[in-house]
S.K.: 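Below: one structure in structure tokens.
Protein chains get the first letters and strands the later ones, always in sequence-line order, with residue 1 at the start of each. No experiment lies behind these values; they were computed from the predicted model shown.
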There are 2 protein chains.
Amino acid sequence: MSFQGVTVTRPRTAARMVEHPELSQVSMQQVMEALVDPVRRGVVAQLAGAGEDMSCGRFDSPVSLSTLTHHFSVLREAGVIRQYYVGTTKMNTLRAEEMQERFPGLLSAVLAACAAEPGPAAA
Amino acid sequence: MSFQGVTVTRPRTAARMVEHPELSQVSMQQVMEALVDPVRRGVVAQLAGAGEDMSCGRFDSPVSLSTLTHHFSVLREAGVIRQYYVGTTKMNTLRAEEMQERFPGLLSAVLAACAAEPGPAAA
DNA sequence: AAGCAATTTCGATGACGGTCGTAGTATGGA
DNA sequence: TCCATACTACGACCGTCATCGAAATTGCTT
């Protein structure tokens with residue numbers, strides 16, 4: 001790795017950090033925009049259905065990997081999911097309890113509707 | 001009024017009819033798309049807050065009248081509101097109970113979030 | 001019949017967002 | 001040290017949608 005002509009050694013063990021917003025800083029508009037996309041709802045539904053954290057690569061989705069990355073960051077910036085690295089893989093968790101505090105009933109209602117409307121593999 | 005060169009008399013008393021979808025025909029995607037727009041959420045919030053039907057012209061909104069007309073039809077086609085004519089004015093009602101049946105908790109959660117986040121006059 | 005008030009339709013415009021492929025970065029293992 | 005794996009950043013493309021103003025429609029009132 002080089003920077004301005006100087007070889008730079010990168011930190012050996014510092015895990016890559018991911019920025020997450022406080023849910024108090026997240027607007028309803030952001031959350032609605034995050035949840036209006038069917039691919040993103042599919043991700044959220046799969047995450048809720050799995051009952052455990054999932055790595056980015058394990059999701060069933062109709063779009064390319066780079067597009068999926070984009071969707072993950074939208075969800076993260078809207079406070080819907082939390083992400084953390086484990087080695088080279090990035091894990092995802094629903095911030096369900098926090099969302100429930102911030103926007104009571106919203107995520108639950110969306111998830112319930114997703115479950116009731118399987119559609120194209122919920123993705 | 002003329003049609004193919006023939007003068008047509010229009011019905012004298014038949015109220016103009018408005019088409020409304022069965023809520024069973026409405027997809028979650030449609031509802032989400034209807035509710036993601038802040039102007040439309042403002043309309044819905046005002047309607048819920050008023051406690052009575054409102055004519056189109058009485059809404060507080062930052063957009064032009066013709067744009068507002070567009071938003072009303074999006075809400076109607078998504079099954080969120082019901083519209084009917086009274087003379088030259090068009091009245092609007094929330095289809096709250098029906099929505100509750102079709103997508104339990106969804107509209108309520110959105111309305112609660114709207115109320116908690118006044119923002120720019122909820123519009 | 002004429003005019004007014006309420007709402008709609010139409011066409012144009014501009015911005016935004018989902019999508020992709022390619023190239024890049026980080027980590028773990030051979 | 002080198003490679004494979006997992007994800008990300010960038011730039012481009014393109015369709016969709018909110019917005020507007022102007023003109024049209026409808027019904028009430030005079």
S.K.: Tell me what B/Arg58 touches on the nucleic acid: a base, only sugar-phosphate, or nothing, going by heavy atoms under 4.0 Å.
M.R.: nothing

S.K.: Remember a base hit wins even if backbone is also touched, and classify B/Ser55 as base, sugar-phosphate or nothing at under 4.0 Å, heavy atoms.
M.R.: sugar-phosphate

S.K.: Can you tell me how far P of D/dT16 sits from CD of B/Glu33, to the nearest Å?
M.R.: 11 Å

S.K.: Would you say A/His20's side chain and A/Gln83's backbone share a donor-acceptor pair under 3.5 angstrom?
M.R.: yes

S.K.: In whole angstrom, give the distance that lies between atom OH of A/Tyr85 and atom C1' of D/dC7.
M.R.: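 Checked: the OH to C1' distance equals 6 Å.
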
S.K.: So does B/Lys90 get a side-chain nitrogen or oxygen closer than 4.0 Å to the phosphate oxygens (OP1/OP2) of C/dA6?
M.R.: no

S.K.: To the nearest Å, give me how far apart CG (A/Leu68) and C1' (C/dT19) are.
M.R.: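 Interatomic distance, CG of A/Leu68 to C1' of C/dT19: 12 Å.
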
S.K.: Applying a strict under-4.5 Å side-chain criterion to I, L, V, M, F, W and Y, I'd like to know whether A/Met54 and A/Tyr84 cluster together.
M.R.: no

S.K.: Less than 3.5 Å apart, any donor N or O on the side chain of A/Ser64 or A/Thr67 sitting next to an acceptor on the other?
M.R.: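 Judged by distance alone, the side chains do pair up.
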
S.K.: Among the candidates D/dG27, D/dA6, D/dA18, find the nucleotide nearest to the side-chain atoms of A/Thr89.
M.R.: D/dA6

S.K.: With DNA chain C as reference, determine whether A/Thr67 or A/Thr88 sits nearer its 5' end, using the nearest nucleotide of each.
M.R.: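 The residue closer to the strand's 5' end, by nearest nucleotide, is A/Thr67.
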
S.K.: Whole Å only: how far is the CE atom of A/Met54 from the P atom of D/dA6?
M.R.: 14 Å

S.K.: Closer than 4.0 Å, any side-chain N/O of B/Arg40 to the OP1 or OP2 of D/dA18?
M.R.: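 For B/Arg40, the contact criterion (side-chain N or O under 4.0 Å from OP1 or OP2 of D/dA18) is met.
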
S.K.: A side-chain contact here means heavy atoms from C-beta on lying under 4.5 Å apart; do A/Leu107 and A/Val44 qualify?
M.R.: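 Yes, at least one pair of side-chain atoms sits under 4.5 Å.
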
S.K.: When you match A/Ser64 and A/Gly87 each to their closest nucleotide on DNA chain C, which lands nearer the 5' end?
M.R.: A/Ser64

S.K.: Identify whether the distance between the nearest side-chain nitrogen and carboxylate oxygen of B/Arg82 and B/Glu98 falls below 4.0 Å.
M.R.: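 Result for this pair is yes, salt bridge flagged.
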
S.K.: Specify the separation, in whole Å, of atom NE2 of A/His70 and atom P of D/dG11.
M.R.: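 Rounding to the nearest Å, NE2 of A/His70 and P of D/dG11 are 16 Å apart.
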
S.K.: Using the side-chain heavy atoms of A/Thr69, tell me which of these nucleotides is nearest: C/dT8, C/dT19, D/dC7.
M.R.: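 Of C/dT8, C/dT19, D/dC7, D/dC7 is nearest to the side chain of A/Thr69.
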
S.K.: Using atom CD of A/Gln29 as one end and atom P of D/dA18 as the other, report the distance to the nearest whole Å.
M.R.: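 It is 11 Å, rounded to the nearest whole Å.
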
S.K.: Measure the distance from CG on A/Leu75 to C1' on C/dG18 and round it to the nearest whole Å.
M.R.: 13 Å

S.K.: Counting only side-chain heavy atoms from C-beta out, which of D/dG27, C/dT9, D/dA18 sits nearest to B/His71?
M.R.: D/dA18

S.K.: What's the CG-C1' distance between B/Leu65 and C/dT9, to the nearest Å?
M.R.: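 My rounded result for the distance is 14 Å.
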
